[in-house]
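The block underneath contains the structure these notes are about, expressed in structure tokens.
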Amino acid sequence: MKNGELDWEIGIGGPELSGGDSFISDPIFVNIIIPKEPGVNNVKVFGEYAKQVRYSNEINYWIAYTDKSPNSLDVDYIK
């Protein structure tokens, strides 16, 4: 957390988190998902639940570690 925003510190990628992003940390992908729509209770990536991180009331996101980068069809938002 830096100046009220999440800041990526290691790996290949950047801190852009709007809607989700993937960072490569060979041999895994660290996927950070921030749903654009409200009311999402869980997120699944490749059929597996992602880990929810609630930093504050305003900052809520999910992290999934995978062996390949998901596309939009591989991510399910559960309300």
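Every heavy atom of this structure was used, including side-chain atoms; hydrogens, water molecules and symmetry mates were not. All values derive from a computational prediction rather than experimental measurement.
Pairing each heavy atom of Ile34 with each of Asn60, the nearest pair is CG2-O, 4.2 Å. Residues Lys79 and Val40 share a closest heavy-atom pair of CG-CA, 4.4 Å. Nearest heavy-atom pair, Pro35 versus Ile33, reported as atom, atom and distance to 0.1 Å: CD-O, 3.8 Å.
Within the 4.5 Å cutoff, no side-chain heavy atoms of Tyr49 are placed close to those of Val43.
Residue Phe46 is not grouped with residue Ile78 when hydrophobic side chains (ILVMFWY) are merged at heavy-atom distances under 4.5 angstrom, including chains of intermediate members.
In this structure, CD on Gln52 lies 10.5 Å from OH on Tyr61, to the nearest 0.5 angstrom.
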Practice problem: Go through the steps to decide whether Val53 and Trp62 satisfy the test side chain to side chain contact (heavy atoms under 4.5 Å, CB included), and finish with yes or no. | Solution: CA-CA 6 Å; Val53 178; Trp62 284 261; over 6 Å; no

